Amino acid sequence: MLLHGWPYDIHSFVDVAPLLASAGYRVIVPYLRGHGTTRFLSSGTFRNAQQSVVALDIIALMDALKIEKAILAGYDWGARTANIIAALWPERCKAMVSVNGYLINNLERNKLPLPPKAE
């Protein structure tokens with residue numbers, strides 16, 4: 001499962017996907033939420049790019065494709081998505097390649113000031 005970053009898309013993997021497929025891997029390169037051909041089925045659906053929601057999208061895709069466990073590879077938002085899946089659903093992650101970009105963030109903790117000495 002190759003996961004792109006923002007503001008990029010699936011075309012980031014145009015060179016590597018055929019190489020992996022020719023090596024015998026089943027390669028899936030989904031658009032992340034809000035990119036490419038993704039659409040909300042209902043106009044009333046809450047729009048959200050929260051970290052865990054994007055990971056849930058990939059878990060739902062894996063479920064729909066009946067993929068129990070996958071090698072997850074991503075960069076930027078895709079790397080963070082792979083990291084979240086590995087942390088919250090380790091049984092779904094066969095291996096992970098995480099390249100640069102975002103880490104899993106505790107957004108509430110980030111709102112707190114640092115100790116005075118660090119500030």
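Keep in mind it's a predicted model, so treat the numbers as computed, not measured. Numbering starts at 1 and runs along the sequence shown.
- Distance CZ/Arg92 to CE/Met62: 4.5 Å, rounded to 0.5 Å.
- Qualifying side chain to side chain contact (heavy atoms under 4.5 Å, CB included) partners for Glu108, counting only residues two or more places apart in sequence or in other chains: Asn106, Lys111.
- Here the side chains of Ile59 and Leu88 are not in contact, with every heavy-atom distance at 4.5 Å or above.
- Remark: of the listed residues Ile28, Val97, Leu20, Leu20 is the sole one forming a side-chain contact (heavy atoms from CB on, under 4.5 Å) with Leu2.
- Remark: Ile71 engages Tyr25, Lys94, Ala95 in a side chain to side chain contact (heavy atoms under 4.5 Å, CB included) (not counting sequence neighbours).
- A 4.5 Å side-chain heavy-atom check between Leu56 and Trp89 finds at least one atom pair inside the cut-off.
- Ring planes of Trp77 and Trp6: parallel class, angle under 30° (limits at 30 and 60°).
- Taking Ala82 as the reference, Leu3, Leu72, Met96 meet the side chain to side chain contact (heavy atoms under 4.5 Å, CB included) condition, with sequence neighbours excluded.
- Closest of all the heavy-atom pairs between His4 and Ile10 is CD2-N, 3.8 Å.
- Asn83 and Ser98 get closest at one heavy-atom pair: OD1-OG, 3.2 Å.
- The shortest distance between side-chain heavy atoms of Leu65 and Arg26 falls below 4.5 Å.
- Counting heavy atoms from C-beta outward, Tyr75 and Phe13 have side chains that approach closer than 4.5 Å.
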